[in-house]
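To start, the structure under review is shown below, and the notes come after it.
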Amino acid sequence: MTAEGIKDKRFEFGDNWKNFLKHVDSGQIREAEKSLVTKTGLPSFQGKTFLDVGCGSGLFSLAAGNLGAKVHSFDYDKNSVACAMELQARFRSKNSVWTIEQGSALDSDYLASLGQYDIVYSWGVLHHTGNMYAALENTLKTVKASGILFISIYNDQGVESRMWRIFKRFYVSAPKPVKLLMAVFVAVRFEFLTAVKRLFSRKSPLRKKERGMDLWHDAVDWAGGYPFEVAKPEEIIRFCGERGFTLKKLFTSDSGCNEYVFSKNTGQERTTG
């Protein structure tokens with residue numbers, strides 16, 4: 001199955017990224033760099049090769065390049081590809097190596113043509129392809145032996161996840177005024193819940209930007225992110241373990257994405273999680 005074969009209308013991720021790029025600044029780029037270093041545990045990406053599967057705005061490809069990696073980015077969405085190119089033109093260091101092109105994580109031949117990389121990154125992408133496990137299978141093959149895979153997948157919340165899928169499917173076909181109201185609902189809901197949780201933890205209710213993102217564009221992405229698939233951590237860990245990957249770090253979330261950092265085994269050993 002290919003992304004082109006999905007019958008339902010898709011969310012236009014690239015349109016959201018175009019609006020996001022209007023507000024990107026050096027502070028957000030530094031936050032993206034910090035996120036990569038903190039989550040992967042690598043103090044430097046110097047001399048590493050980095051594959052960004054579904055690059056979106058290109059923010060994390062830029063961050064990886066700033067950290068010293070040689071970067072290859074691709075995205076299925078033409079507007080996302082254009083966004084990454086715009087970000088490259090505006091912020092990329094002249095000394096960095098960063099190629100960008102259109103491609104699909106569901107295209108096994110395309111991914112095979114890319115070779116293998118030291119770091120493969122795909123944050124919040126594979127569950128939007130329409131065939132998450134096929135996309136993950138293809139992505140795993142691009143990781144070098146002893147390389148790192150850093151992915152995030154929506155957490156399976158059972159009935160709530162099924163309700164969100166209906167919400168998102170409705171969003172992509174709704175008229176613009178309805179889409180605006182739905183995005184506002186998502187922004188208020190999540191920001192309110194976050195503020196309450198932070199207050200109970202005796203923290204400031206104001207949430208700082210995470211991963212260099214912002215509340216509004218995250219809310220639009222959440223409201224309209226369709227196709228939409230989810231998985232429990234043990235399912236992803238088992239799937240990757242059976243294909244020669246060992247879990248190094250897991251960052252869980254009740255309502256959002258679980259983040260996984262795997263390393264690829266050097267031999268034929270397999271782990272089941």
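For the single chain, residues carry numbers from 1 onward in sequence order.
Note on Val178 and Val220: same hydrophobic cluster, where clusters join Ile, Leu, Val, Met, Phe, Trp and Tyr whose side-chain heavy atoms are under 4.5 Å apart, directly or indirectly. If you chain together hydrophobic residues whose side chains sit under 4.5 Å apart, Leu181 and Met163 never meet in one group. Residues Val230 and Val125 do not share a hydrophobic cluster, defined by chaining ILVMFWY side chains whose heavy atoms lie under 4.5 Å apart. Grouping the Ile, Leu, Val, Met, Phe, Trp and Tyr side chains by contacts below 4.5 angstrom, directly or via other members, places Leu250 with Leu126. In the hydrophobic cluster analysis, where Ile, Leu, Val, Met, Phe, Trp and Tyr join through side-chain heavy atoms closer than 4.5 angstrom, Val97 is grouped apart from Phe74.
The CE atom of Met85 sits 7.5 Å away from the CD atom of Gln88 when rounded to the nearest 0.5 Å. Taken to the nearest 0.5 Å, the CZ atom of Phe228 stands 9.0 Å off from the CZ atom of Arg165. To the nearest 0.5 angstrom, Thr139 atom OG1 is 12.0 Å from Tyr117 atom OH. Here Met182 contributes atom CE and Phe167 contributes atom CZ; the two are 3.5 Å apart, rounded to the nearest 0.5 Å. Residue Asn19 holds its CG atom at 7.5 Å from CG of Asp15, rounded to the nearest 0.5 Å. Residue Ser80 holds its OG atom at 10.0 Å from NZ of Lys18, rounded to the nearest 0.5 Å.
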Would Leu136 and His127 satisfy side chain to side chain contact (heavy atoms under 4.5 Å, CB included), going step by step from the backbone distance to the final call?
CA-CA 9 Å; Leu136 178 55; His127 50 230; over 6 Å; no
Steps toward salt bridge (Lys or Arg N to Asp or Glu O under 4.0 Å) verdict (Glu137, Arg243):
CA-CA 9 Å; Glu137 179 88 59; Arg243 288 156 179 79; 2.9 Å; yes
Output, in order, the C-alpha distance, side-chain angles, deciding distance and verdict of side chain to side chain contact (heavy atoms under 4.5 Å, CB included) for Leu62 and Ser57.
CA-CA 10 Å; Leu62 173 65; Ser57 69; over 6 Å; no
What's the verdict on side chain to side chain contact (heavy atoms under 4.5 Å, CB included) for Glu235 and Ile153, showing C-alpha distance, side-chain angles and the deciding distance?
CA-CA 11 Å; Glu235 295 168 350; Ile153 302 291; over 6 Å; no
Trp17 vs Asn79, test: side chain to side chain contact (heavy atoms under 4.5 Å, CB included). Steps then yes/no.
CA-CA 8 Å; Trp17 291 129; Asn79 287 329; over 6 Å; no
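Annotation for Gly58 and Ala84: closest pair CA-CB, 3.9 Å, computed over non-hydrogen atoms. What you find for Ser61 and Trp98 is that their closest heavy atoms are CB-CZ2, 3.4 Å. Closest approach of Lys248 and Ser263 over heavy atoms only: CE-OG, 2.9 Å. Across every non-hydrogen atom of Lys249 and Thr40, the tightest pair is NZ-C, 4.0 Å. Counting all heavy atoms, side chain and backbone alike, Ser146 lies closest to Thr266 at OG-CG2, 2.7 Å. Considering every non-hydrogen atom in both Leu114 and Glu101, the closest pair reads CD2-OE2, 3.8 Å.
Judged by distance alone, the side chain of Asp75 and the main-chain N or O of Gly56 form a donor-acceptor pair under 3.5 Å. With Ser152 contributing its side chain and Gly124 its backbone, the two residues share a donor-acceptor pair below 3.5 Å. Between the side chain of Ser35 and the backbone N or O of Ala32, no donor-acceptor pair lies under 3.5 Å.
With contacts defined as side-chain heavy-atom distances shorter than 4.5 Å, the pair Phe60/Leu36 qualifies. Using a 4.5 Å cut-off on side-chain heavy atoms (C-beta onward), Leu42 and Leu67 make no contact. With a 4.5 Å cut-off on side-chain heavy atoms, Arg10 and Asp77 do not count as touching. When side chains are defined from C-beta on, Ser26 counts as touching Arg30, because their heavy atoms get closer than 4.5 Å. Inter-residue side-chain proximity for Tyr154 and Trp222 is flagged as met; some heavy-atom pair is nearer than 4.5 Å. Under the 4.5 Å side-chain criterion, counting only non-hydrogen atoms from C-beta, Leu149 is not in contact with Lys264. Residues Asp25 and Phe91 have side chains not in contact (no heavy-atom distance under 4.5 Å, counting atoms from C-beta outward). Taking the side chain as every heavy atom from C-beta outward, Lys78 and Val81 never approach each other to under 4.5 Å.
Open room surrounds NZ on Lys48; 12 or fewer heavy atoms of other groups in view lie less than 6.0 Å from it.
Inspection of the Thr246 and Asn265 side chains reveals an N or O donor paired with an N or O acceptor under 3.5 Å. Checked by atom type, the side-chain pair Asp118/Thr49 shows a donor-acceptor distance below 3.5 Å.
Judged by the 6.0 Å distance and 45° axis criteria, Lys39 is not positioned over the aromatic ring of Phe150.
A perpendicular orientation is assigned to the rings of Phe245 and Phe262, their planes being inclined by more than 60° (bins at 30° and 60°).
Ring centroid separation for the pair His128 and Phe13 comes in under the 6.0 Å cut-off.
Ser122 pairs with exactly one of Val53, Asp52, Thr142 by the side chain to side chain contact (heavy atoms under 4.5 Å, CB included) rule, that one being Val53.
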